Number of protein chains: 2
Amino acid sequence: MSKKLRYLEIADVLKKKIKQGEFPQGQALPSQKELSEIFNTSVMTTRGALAELEQEGIITVIHGVGTFVSSPAIHNDTLSLQGFQNEMDRQKMSITNEVIGVKHEIEQRELLDLFGKRSGRFSSLSRLRTIDGKPVIYQCSYVEKQYSSVFDEYQADQSLYQLFSQKTGIMVTQGREIMIPVILPDDIAKTLGFDEPCTAFLSKRVSISLEEKVVLYDEAYLPGPYVIMASRKHGKNNSFKYIINQTGTIDSLDSFNDSDLWEDLI
Amino acid sequence: MSKKLRYLEIADVLKKKIKQGEFPQGQALPSQKELSEIFNTSVMTTRGALAELEQEGIITVIHGVGTFVSSPAIHNDTLSLQGFQNEMDRQKMSITNEVIGVKHEIEQRELLDLFGKRSGRFSSLSRLRTIDGKPVIYQCSYVEKQYSSVFDEYQADQSLYQLFSQKTGIMVTQGREIMIPVILPDDIAKTLGFDEPCTAFLSKRVSISLEEKVVLYDEAYLPGPYVIMASRKHGKNNSFKYIINQTGTIDSLDSFNDSDLWEDLI
DNA sequence: CAGTGGTCTAGACCACACC
DNA sequence: GTGTGGTCTAGACCACTGT
């Protein structure tokens, strides 16, 4: 682990300390000056180490205030209520989050593979997201049995990521997702109130902890008329998200011109 | 423009010089030491300026070699042959790129809006991408009339981005894209050889130059069974791309585990 | 080898947030 | 104000690339 580069060494040490819970989530780290004294190095080098951790989403540095262990990485959730909520506020729509059901003791081979386990059972939480009263998104989340209490305690309109992180102390720092264009399955279409066949994104996502373990799996159906994906690349900056398509027509390309939509993602 | 921050000032100056063509594409900039003398500043500050430009994709810095004005930002093209080709190599598939047709003197209101023009005409280039002999992706690109020669000179299996950049000297540094799940339209389906209705991504993308002008517009249909989108978020790193789904079944989640798929994106 | 970029020092000073 | 992070210096030295 200990490279020859001082700032990476320091970053590794800090990362380990955070993993081991020496600095709880939301807690301030020692100041850059103090850290420099502790590690017997210069401020510039300490800053290099902190920059590494910030890049990985482990800490958040705020000018004039301090350096903090990151709160649950909601920004890793492309489908986050957070993101949607902000979008909604901007567009003056209201979003709600309704629990359909919780299942326990699920046995499924594919889940075992995804979570990298050889045996075990899972719990699921099905939710419906409504926009201006209309059900729009169906989402089902899975965790290992040992964390099932999180689903039991889950309340509508909460951030599942945040709750999971609070209850388990696990920091989610990575997410991977695949998106597939599909026709809404009959049962989902019925739940969402679609009478006719409807295209949708099927999103499958795994969330990965600081320890590199898969801790959460989500599947979501996002009907095409109401949700589109938008991405932006600017040099090495690279972002994408789901956005609500108010008009419901695929020809609305407003998102290209409405730079406001992107502000919070750069 | 000139902030109080030295490194941003320097970055602005360098950016302007590159815009004005003082350093042609692919050309080496003066060394960090030389730049530090020119701007009468320290190496650390010069490096700060260069880091800014690198972040924006304007320059490429190579350890032990030098600092270069970036070649056409192919990496901005999510659908780039480049990317696909690498993928293909890895999966031992062959991809080809066939020109269907070129149109000139196109008049279309939506294009005017996209390019931010009040009047003007456009040219289009339709292409088909085949994988292992099977047509898979339909793509149509548009440029303003003044650049129509690029389409005329375009040869199969070339990178359109690269050619455009070479011919016009315009550097593409930004791209925005929206993706919509659709049913393949009849004519496209016929072209691609699909008999039954088929879900697909409809991708609409604008490419933006260093001068913040829209210079290229692309529409592509990517049938669901063969192409899926995959994204990865790791802290502030954020990437996504289209990948070929060999199996053609939506239940193949191999991409989650196959970290190789992501190597070139981090 | 020479020339490039990358790291690091030991400070100084500036900008920002909070009391 | 005090305390935080952010920038900057004027070098030294290390690591990498190509001849």
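Below, chain A is the first sequence line, B the second, and so on; all start at residue 1. Values below: all heavy atoms of this structure, side chains included; hydrogens, waters and symmetry mates excluded. Owing to the predicted nature of the structure, the values given are computational and were not obtained by experimental measurement.
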Glu56(A) side, atom CD; Lys236(B) side, atom NZ - distance, nearest 0.5 Å: 12.5 Å
Under 3.5 Å donor-acceptor, Ser231(B) side chain and Phe240(B) backbone: no
Leu8(A) CG to Arg6(A) CZ distance, which is reported to the nearest 0.5 Å: 11.0 Å
Sugar-phosphate only, base, or nothing, as touched by Leu50(B) at under 4.0 Å among non-hydrogen atoms: nothing
First-last contacting nucleotides on DNA chain D - partner chain B, under 4.0 angstrom, heavy atom: dT7(D) to dT17(D)
Which residues share a ring pair (Phe, Tyr, Trp, His ring centres under 6.0 Å) with Phe23(A), sequence neighbours left out: none
Salt-bridge criterion met for Lys4(B) and Glu9(B) (N-O under 4.0 Å): no
d(CG, Leu5(A); P, dG5(C)) in whole Å: 18 Å
Lys167(B) to Tyr154(B), cation-pi by 6.0 Å centre distance and 45° axis angle: no
Position toward the 5' end of DNA chain C (nearest nucleotide), Glu34(B) or Gly64(A): Glu34(B)
Ile62(A) or Gln32(B), whichever maps to the more 5' nucleotide of DNA chain C: Gln32(B)
Neighbour count above 12 (heavy atom, 6.0 Å) for Asn40(B) CG: no
For DNA chain C, the residues among residues 37-47 of chain A that have a non-hydrogen atom under 4.0 Å from it: Thr41(A), Ser42(A), Met44(A), Thr45(A)
Heavy atoms of other groups near Glu211(A) CD, more than 12 under 6.0 Å: yes
